[in-house]
Amino acid sequence: MQLRPLGQSGLYVSPLCFGGNVFGWTVDERTAFTLLDAWVDAGFNFIDTANVYSRWVPGNTGGESETIIGKWLRHSGKRHRIVLATKVGKDEFEGRPGLHPRHIRHAVEASLKRLQTDCIDLYQSHDDDLEVPMEDSLGAYADLIAAGKVRAIGASNFNADRLQLALTTSQQHGLPRYESLQPNYNLLDRAGFADVLQPLCVAKQVGVINYYALARGFLTGKYRSLGDTGKSPRGAAAAELYLNPRGLRTLAALDQVAQRLSATPGQIALAWQMAQPGITAPIASATSLAQLRDLVAVPQLALGDEDIGLLRQASAVAPG
């Protein structure tokens, strides 16, 4: 497995990241253990979660994903084989908003306890917080790094101006910098990242671990008509966003490349992202071993320039 550097953090990660948002939602504890064992045994080392996962499930309160991962770490003894990423700062979680240092200090202790570890490899600001001075949040992270509770920090859902401000603040005040960005990015959601954030991340050597890499499952090809939307909990949202001429045109191009390479549309969609400048590791989830086997085969796929161009053109808002 060819690992990739995550920004300038000194961390090296697999070219795909397992998204832990499914744990405590569509994946129960027993299945999660099986999937995580298979992920690591296949040579992958990167796992992402958040303290709010999976709060949206009826009966959940948040922290379920971290709790499951923590139990797996204790049971498997594989903590040394993974790069563990989690997040803080989604509004109103446990009644404490945003990225105030007090919240960060409290939240990290709760995450460490749930994860049953003494250090988080990548601790990410889940959302930007316009009400807290950037140097205050970064200062809190500096304290956590000095205490050995966090190795590196990252940002999620930051726009280019705010990410640039964060990088400048870090440099001016001698504070740790965001070594990664977690944006929404895939073949059908490109503009928000590609226009301004991607050049900034490449120039500043900020690693990118994009979410919704499969566009809520749409790029796997399983939602091709309204009748397909009941196939998963995300089906209705995927259809509403992507079941249109552009989405179907993109699926047709994925089908074409997939047939040539004896792969699946989802595998091709991920391989396309992994070939883009600045992308370190797209985040994707699996709810079964069959899905996971598809994921672990992606790094072996080699897309040619013609394939990449075809996919870019087919998924363009106004194809040429």
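These values consider heavy atoms only, across backbone and side chains, with no hydrogens, waters or symmetry-generated copies.
Gln273 places a side-chain N or O within donor-acceptor distance of the main-chain N or O of Ala269, the cut-off being under 3.5 Å. Although no hydrogens or angles enter the test, the distance criterion places no donor-acceptor pair under 3.5 Å between the side chain of Arg249 and the main chain of Gln313. Between the side chain of Arg79 and the main chain of Leu73, no donor-acceptor pair closer than 3.5 Å is present. Proximity of a side-chain donor or acceptor of Thr31 to a complementary backbone N or O of Val27 within less than 3.5 Å is not detected. Listed for the Asn45 side chain is a donor-acceptor partner under 3.5 Å among the backbone atoms of Tyr12. The main-chain N or O of Thr280 is found under 3.5 Å from a side-chain atom of Arg4 such that the two form a donor-acceptor pair. Using modelled atom types, no side-chain atom of Arg260 and backbone atom of Val257 make a donor-acceptor pair closer than 3.5 Å. Side chain of Trp39 to backbone of Phe46: a donor-acceptor contact under 3.5 angstrom is found. Judged by distance alone, the side chain of Ser54 and the main-chain N or O of Gly24 form a donor-acceptor pair under 3.5 Å. Proximity of a side-chain donor or acceptor of Thr49 to a complementary backbone N or O of Ser65 within less than 3.5 Å is not detected.
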ask   = Please walk me through it: do Leu289 and Leu35 pass side chain to side chain contact (heavy atoms under 4.5 Å, CB included)?
value = CA-CA 6 Å; Leu289 282 176; Leu35 292 171; 4.2 Å; yes
For this session: Could you give me the CA-CA distance, side-chain angles and deciding distance for Arg190 and Gln198, then say whether side chain to side chain contact (heavy atoms under 4.5 Å, CB included) is met?
Result: CA-CA 10 Å; Arg190 297 214 307 261; Gln198 189 171 24; over 6 Å; no
Would Asp48 and Gln124 count as a side chain to side chain contact (heavy atoms under 4.5 Å, CB included) if you check the C-alpha gap in whole Å, the side-chain angles of each, and the deciding distance to 0.1 Å?
-> CA-CA 10 Å; Asp48 175 78; Gln124 302 161 94; 3.0 Å; yes
Assess the residue pair Met134 and Leu175 against the criterion (side chain to side chain contact (heavy atoms under 4.5 Å, CB included)); give the C-alpha distance rounded to whole Å, side-chain angles, the decisive distance to 0.1 Å, and a yes or no. CA-CA 10 Å; Met134 197 76 74; Leu175 295 169; over 6 Å; no
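The residues Glu66 and Lys113 are annotated as not salt-bridged, no charged nitrogen and carboxylate oxygen being separated by less than 4.0 angstrom. A salt bridge links Asp41 with Arg81; the closest basic N to acidic carboxylate O contact falls under 4.0 Å. Asp143 and Arg105 are not joined by a salt bridge, as no carboxylate oxygen comes within less than 4.0 angstrom of a charged side-chain nitrogen. The residues Asp129 and Arg162 are annotated as not salt-bridged, no charged nitrogen and carboxylate oxygen being separated by less than 4.0 angstrom.
Minimum interatomic distance between Asp121 and Leu84 (heavy atoms only, all atoms of both residues): OD2-N, 2.7 Å. The heavy-atom pair separating Ala297 from Gln267 by the smallest distance is CB-NE2, 3.6 Å. Annotation for Ser225 and Leu243: closest pair C-CD2, 3.5 Å, computed over non-hydrogen atoms. Taking both residues in full, the closest heavy atoms of Ala286 and Leu295 are given as CB-CD1, 4.0 Å, listed atom of the first, atom of the second, then distance. Of all the heavy atoms in Pro282 and Leu270, the pair that sits closest is CB-CD2, 4.2 Å.
Atom OG of Ser111 sits about 12.0 Å away from atom NZ of Lys149, to the nearest 0.5 Å. Distance OG1/Thr86 to CD1/Ile120: 6.0 Å, rounded to 0.5 Å. Once rounded to the nearest 0.5 Å, the distance linking CZ of Arg74 with OG1 of Thr117 reads 13.0 Å.
Looking at heavy atoms from C-beta onward, Leu254 lies in side-chain contact with Leu187 at the 4.5 angstrom threshold. Residues Asn210 and Phe193 form no side-chain contact, since every pair of their non-hydrogen atoms from C-beta on lies 4.5 Å or further apart. At least one side-chain heavy atom of Leu6 sits less than 4.5 Å from a side-chain heavy atom of Ile209. Looking only at side-chain heavy atoms (C-beta outward), Ser180 and Leu122 come within less than 4.5 Å of each other. For the pair Asp189 and Pro183, the minimum side-chain heavy-atom distance is 4.5 Å or more. Between Val296 and Phe44 there is a side-chain heavy-atom pair separated by less than 4.5 Å. Counting heavy atoms from C-beta on, the side chains of Ile283 and Gln182 come closer than 4.5 Å. Between Thr250 and Leu219 the shortest side-chain heavy-atom distance falls below 4.5 Å.
Counted by atom type alone, Ser285 and Asn21 present one or more donor-acceptor pairs between their side chains at under 3.5 Å. Side-chain contact annotation: Thr287 with Gln291, donor-acceptor N/O pair under 3.5 Å present. Between the side chains of Arg312 and Gln276, at least one donor N or O sits under 3.5 Å from an acceptor N or O. Checked by atom type, the side-chain pair Asp37/Trp72 shows a donor-acceptor distance below 3.5 Å.
Applying the side-chain contact (heavy atoms from CB on, under 4.5 Å) test between Arg151 and each of Ser9, Cys119, Pro176 identifies Cys119 as the sole match.
Residues passing the side chain to side chain contact (heavy atoms under 4.5 Å, CB included) test with Ala50, sequence neighbours excluded: Val52, Tyr53, Lys87, His126. Here Glu135 pairs with nothing under the side chain to side chain donor-acceptor pair (under 3.5 Å) rule; sequence neighbours left out.
Other residues, nucleotides and ligands contribute only 12 or fewer heavy atoms inside 6.0 Å of the CD atom of Gln259. Atom NZ of Lys78 sits in a crowded spot, with more than 12 heavy atoms from other residues, nucleotides or ligands closer than 6.0 Å. More than 12 heavy atoms of other residues, nucleotides or ligands shown are found within 6.0 angstrom of CD on Gln300. Shown here is Asp305, whose CG atom has no more than 12 heavy atoms of other residues, nucleotides or ligands within 6.0 Å.
Note: Phe218 and Tyr242 have tilted aromatic rings, judged against thresholds of 30 and 60 degrees for the angle between ring planes. Ring geometry, His75 versus Phe33: the interplanar angle falls from 30° to 60°, so the pair is classed tilted.
Residues Val40 and Leu3 share a single hydrophobic cluster, defined by chaining ILVMFWY side chains whose heavy atoms lie under 4.5 Å apart. Leu200 is not connected to Val202 by any chain of hydrophobic side-chain contacts under 4.5 Å among Ile, Leu, Val, Met, Phe, Trp and Tyr, and they are in different clusters.
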